[in-house]
Amino acid sequence: MNRDLQTERLSLKPFTLDDREGWHAIWGDPEVIWWGANESPEVSDAALERLIAREAGLPAGVGWLAVRRTGEDEIIGDVLLQQARFVDGMEIGWHFRRHAWGQGYATEAAQAVLERCLAEGVAERVYAAVALENGRSLRVVEKLGMRVEKDMEYAGLPHRLFAIDAPPG
Ligand SMILES: CC(C)(COP(=O)(O)OP(=O)(O)OC[C@H]1O[C@@H](n2cnc3c(N)ncnc32)[C@H](O)[C@@H]1OP(=O)(O)O)[C@@H](O)C(=O)NCCC(=O)NCCS
């Protein structure tokens, strides 16, 4: 299965080892990874290598996608679809560079990943866990039409668990 996705404004593709710089621009920025950014490019490189190695064995349609504005080289964010860390099922998540916030990119990219996942039966239900203090991310899940499941503690912080199901039939 070709894992690439195209939206109105964005191109999404699996990460490769050539994406070290873009990956670190996200994961090394404490304003984006506010719960604990990578302290050096070397730490980010090692994490990217582990991610790519892990993805080789994943089912089609699951994994992390690098997000670019169509026709541009710069990675502006990532969207992930993976085995959830906090519940039995699949989770979706997103991280975008600071300069790319406020333009609807996270919602647009995540919508495409969710739609494909639910339409192609990759999962019947997808979860997202968002820290209650993360207002921007809470707005993204709302715009995606995800419903509240419950509040819970995760990684030492109060989180809200959201879910969305594949349409019937
Ligand atoms: C969470 C995160 C991805 C959200 O980014 P974002 O830019 O606020 O979200 P969106 O891309 O959906 O943009 C929505 C904003 O763009 C605006 N916007 C502009 N053009 C738009 C368009 N064409 N379509 C939709 N929204 C648009 C919306 O009004 C909205 O602004 P508002 O929320 O202030 O009203 C970003 O804040 C981030 O990377 N945070 C750090 C990492 C993180 O916390 N990840 C989540 C862990 S659970």
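Atoms within a ligand are numbered from 1 in the order they appear, just like the ligands themselves.
- Side-chain N or O atoms of Trp64 include none that pairs as donor or acceptor with a backbone N or O of Asp78 at under 3.5 Å.
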Original post:
Hey, mind stepping through Asp165 and Arg147 against side chain to side chain contact (heavy atoms under 4.5 Å, CB included) and telling me if it holds?
Top reply: CA-CA 9 Å; Asp165 292 328; Arg147 67 170 184 277; 3.2 Å; yes
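- Between Val67 and the options Phe96, Trp94, Tyr105, a side-chain contact (heavy atoms from CB on, under 4.5 Å) holds for only Phe96.
- Near ligand 1, heavy-atom contacts under 4.0 Å come from Arg9, Val32, Trp34, Trp35, Trp94, His95, Phe96, Trp101, Gly102, Gln103, Gly104, Tyr105, Ala106, Thr107, Ala129, Asn134, Arg136, Ser137, Arg139, Val140, Lys143.
- Cluster annotation: Met146 and Phe86 are assigned to distinct hydrophobic clusters (Ile/Leu/Val/Met/Phe/Trp/Tyr, side-chain heavy-atom contacts under 4.5 Å, transitive).
- With Arg116 contributing its side chain and Arg3 its backbone, the two residues share a donor-acceptor pair below 3.5 Å.
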Scan the side chains in residues 9-18 for donor-acceptor partners under 3.5 Å anywhere in the protein, sequence neighbours excluded, and list what turns up.
residue	atom	partner	partner atom	Å
Arg9	NE	Glu108	OE1	2.7
Arg9	NH1	Gln103	O	2.9
Arg9	NH2	Gln103	O	2.8
Arg9	NH2	Glu108	OE1	2.8
Ser11	OG	Gln6	OE1	3.0
Ser11	OG	Thr70	OG1	3.2
Thr16	OG1	Asp18	N	3.1

